[in-house]
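Inspection log for the structure reproduced underneath, given as structure tokens.
The structure presented is a predicted model; accordingly, all values stated were derived computationally and were not measured.
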Amino acid sequence: MNPRSAAFVMAFALPLALLGKDAVAEYSFPAGASLALVMSSGSGAPRALVLGPEDTRSVRLRAWLTRNPTGWSSYWATPPGHGIRVSAGELRLHFVETSVIACHSRKGCVYKQIKSEEYAFLRDEP
């Protein structure tokens, strides 16, 4: 393969081939950080909470992230304005119906199809 062909493969063909593959989301919230949780239905004022690192919902969400490193795909659209958003540090999770979008400020966004029951605990009152 000539150098020009190799450059084309590395610059265009290889990244395009990888777009269809499942991404691995090795994302996590900063250790010991509180999580900002915002619930928005799309109508009315959003409800905002701060979950401390020892809060049950914070612990469960961190465990969920650890158990779900695979099955993610690249996400290129703007996340919707409704749903449940959780953020801390450089990571933002956006739960909407049967999907979750994970956006990292330096790594971009990925999404995954999930059951709404997997994140229903975030709606629970303390």
Provide the closest heavy-atom pair for [X] versus [Y] in the form atom of the first, atom of the second, distance.
X    : Y   : result
G108 : Y27 : O-OH, 3.5 Å
R123 : I84 : CG-CD1, 3.7 Å
V50  : S34 : CG1-CB, 3.8 Å
P46  : V38 : CB-CG1, 3.8 Å
P30  : G89 : CG-CA, 3.9 Å

Atom pair [atom1] ([X]) and [atom2] ([Y]), whose distance is rounded to the nearest 0.5 Å:
X    : Y    : atom1 : atom2 : value
T98  : E117 : OG1   : CD    : 10.0 Å
L122 : L51  : CG    : CG    : 7.5 Å
L35  : S87  : CG    : OG    : 8.0 Å
W76  : Y111 : CH2   : OH    : 12.5 Å

Side chains of [X] and [Y]: closer than 4.5 Å at any heavy-atom pair?
X    : Y    : answer
H104 : V110 : no
V100 : W72  : yes
K112 : N68  : yes
H94  : P80  : yes
V96  : H82  : yes
V86  : F29  : yes
I101 : F95  : no

Within residues 96-106 or reaching into it, pairs that qualify as salt bridge (Lys or Arg N to Asp or Glu O under 4.0 Å) - sequence neighbours excluded: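 Output for this query lists E90-R106.
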
Donor-acceptor pair between S58 and R62 side chains, under 3.5 angstrom: yes

Lys/Arg cation over aromatic F121: R60, 6.0 Å, 45° cone: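 Yes, R60 lies over the aromatic ring of F121.
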
R85 atom CZ, neighbour heavy-atom count above 12 within 6.0 Å: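 Yes, enclosed.
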
